[in-house]
Amino acid sequence: MLDDATTADRSAFEQTFDACVIGAGPAGITLARRLAAQGLTVALMEAGGLDITEESQDAYRGTNVGMEYFDLDICRLRYFGGTSNHWGGWSRALEAVDFKKKSWVPLSGWPIEQLTLDPYRAEADAILDLPSATEAPNLPVRQKAYDFERFQFRFSPPTRFAEKYQAEIEDSAQIACYLNANLVDLRLDDARHAVTAAVFRTYDPAAAPFTVTARTYALCTGGIENARLLLNFTSQTPDGIGNGSGWVGRCFADHPHFILAECVLRVLVREREFYQPTELFMEEHGCLNFGIRLEPRWIWPNELPTIAVEDMPPEDFNILLDKLVRDPFVDRSLTDRLVLPQPPGQTGVLRTACEAVANPDSRVTLSDDTDAFGLRRVALDWRLSAQDVETMRTAVVAFGAHMAEQNIGRLQMAPWLEADAPKFPGIADDEVGGKHHLGTTRMSSDPETGVVDRNCRVHEVTNLYIGGSSVFASTGHCNPTYTIVQLALRLGDHLGERLRA
């Protein structure tokens, strides 16, 4: 069933649902469908409508008080289907190493292993309409040392959850989905250990709040919004729900997306190539995981003389490459004695999407400004650490050595990255980040270093769970949607087993 909370019969909320899932994006819809398939009743509450509106999107507005970052209300979409409505479809599971505790990386590791999520690969593939994993295996890399793996992404069409699942939810006898229902509070029992009701409001300022009661609750509103809501719910807990140890909002991360180097290629590169370090490389270099994207660019003959590789002494080729990197209009004195036939020469860039260290000082906090419901808006303090910077430098140096070793080409590190105290490019100059909001309610076996346990349950509350990328304990370098869906399927099985018991 799909209805609008603005006009819905309030008597519908008098029943007690098995689960109240807040947020109808990839995590929330996946979780609701999983629970419904087990015969459980679900109230699926969505703050937006069927289409984007300024009224709904306004709640995502906030301020950036750390590194330069995107306007927060453009990063995520607040209506049915969530951010899948503008998702690019990039899909890849996190690597096994991303779940491991690494002695050289503070706060690294998850309390679960990759094997815990592996059983959900086939279902995640089907949900996201992905091609078979056999169509995107790792590719061979010619190298002297086992430093890099060449990997591939799989690409969803991309799947728009609203389009794919709206009819199913409308016809469901187990799911009651209500649109334009904005969560404004979670009420706790006297001991502050369990949620007894979720309080919602519509956009009609004259309408009274209404409550939904359920045996269990799941907050699936996004990597920033999950933390913002918990921090705002202070009517019974002054520091916010689940924040007894002060970890709600901490360890905010995005995958840094920067051009790290310019390069000149000796071999023809027809399309973007993706590389990642081996686990042995990470351990030997004391770095984080990273994704390298070798992105070719073309230089056409009327712009630059092209380079013949036959009969060219290696020392001349190296001089020319170094010159090309520094000056695209090559000094003719370097090329007078060289033959310059077709095809055209090629340049490119080395771009990264890096793992980011779990940094407690990089965080979601609240400003004094409030939204239409009186909830304080986000103040985002995104920070990158010295280890993040060193990982990027290590990636450039090592991949540059690999390119030289295999005579693929030469590269030059970006000047900003060479600086002792690098000034990161801003959003007018580079990608900056993937708009992947991670880690603000991180998963941890110890309540002193995280917000949820291995089953995504808030440590301090017996029946409150978190879905989505905010639970990521370590980020890896891959886009998060695939893992979000895996986690939601796993959470659905856990809650189903618990509720049926």
**Study point:** Worked verdict on Ser474 versus Trp110 for side chain to side chain contact (heavy atoms under 4.5 Å, CB included)
**Key:** CA-CA 7 Å; Ser474 299; Trp110 296 53; 3.8 Å; yes

[X] versus [Y], closest heavy-atom pair with distance:
{"X": "Thr462", "Y": "Arg457", "value": "O-CD, 3.3 Å"}
{"X": "Asp388", "Y": "Ala356", "value": "OD1-CA, 3.4 Å"}
{"X": "Glu46", "Y": "Ala24", "value": "OE1-N, 2.9 Å"}
{"X": "Tyr178", "Y": "Ala8", "value": "CE2-CB, 3.8 Å"}
{"X": "Ala181", "Y": "Ala5", "value": "CB-CB, 4.0 Å"}
{"X": "Gln406", "Y": "Arg142", "value": "OE1-CD, 2.9 Å"}

Ring pair (Phe, Tyr, Trp, His ring centres under 6.0 Å) test vs His402 passes for just one of Tyr146, Phe148, Phe281, namely Phe148

Between [X] (side chain) and [Y] (backbone), is there a donor-acceptor pair under 3.5 Å?
{"X": "Thr16", "Y": "Ala214", "value": "no"}
{"X": "Asn226", "Y": "Gly467", "value": "yes"}
{"X": "Glu149", "Y": "Gln276", "value": "no"}
{"X": "Arg154", "Y": "Gln152", "value": "no"}
{"X": "Thr159", "Y": "Phe161", "value": "no"}
{"X": "Ser84", "Y": "Pro26", "value": "no"}
{"X": "Glu405", "Y": "Lys144", "value": "yes"}
{"X": "Gln174", "Y": "Ala36", "value": "no"}
{"X": "Asn85", "Y": "Phe80", "value": "yes"}
{"X": "Asp453", "Y": "Cys456", "value": "yes"}

Under a 3.5 Å cutoff, is there a donor and acceptor pairing between the side chains of [X] and [Y]?
{"X": "Asn463", "Y": "Thr216", "answer": "no"}
{"X": "Trp87", "Y": "Ser156", "answer": "no"}
{"X": "Asp446", "Y": "Ser444", "answer": "no"}
{"X": "Thr237", "Y": "Asn243", "answer": "no"}
{"X": "Tyr69", "Y": "Asp254", "answer": "yes"}
{"X": "Ser470", "Y": "Thr441", "answer": "yes"}

Check this for me, if you would: do [X] and [Y] make a salt bridge, where the nitrogen-to-carboxylate-oxygen distance has to be below 4.0 angstrom?
{"X": "Arg351", "Y": "Glu431", "value": "yes"}
{"X": "Arg293", "Y": "Glu273", "value": "no"}
{"X": "Asp361", "Y": "Arg363", "value": "no"}
{"X": "Asp371", "Y": "Arg228", "value": "yes"}
{"X": "Glu225", "Y": "Arg76", "value": "no"}
{"X": "Asp98", "Y": "Lys100", "value": "no"}

query: Is the NZ or CZ atom of Arg78 positioned over Tyr60's six-membered ring, under 6.0 angstrom from the centre and within 45° of the axis?
result: yes

Arg500 atom CZ, neighbour heavy-atom count above 12 within 6.0 Å
yes

#### Entry: Heavy atoms from other residues, nucleotides or ligands near CG of Asp171 exceed 12 (cutoff 6.0 Å)
yes

Query raised in the report: Between Asp493 and Arg498, is a salt bridge (charged side-chain N to carboxylate O under 4.0 Å, His left out) present by the stated rule, with each step listed?
Result: CA-CA 9 Å; Asp493 283 353; Arg498 181 175 178 181; over 6 Å; no

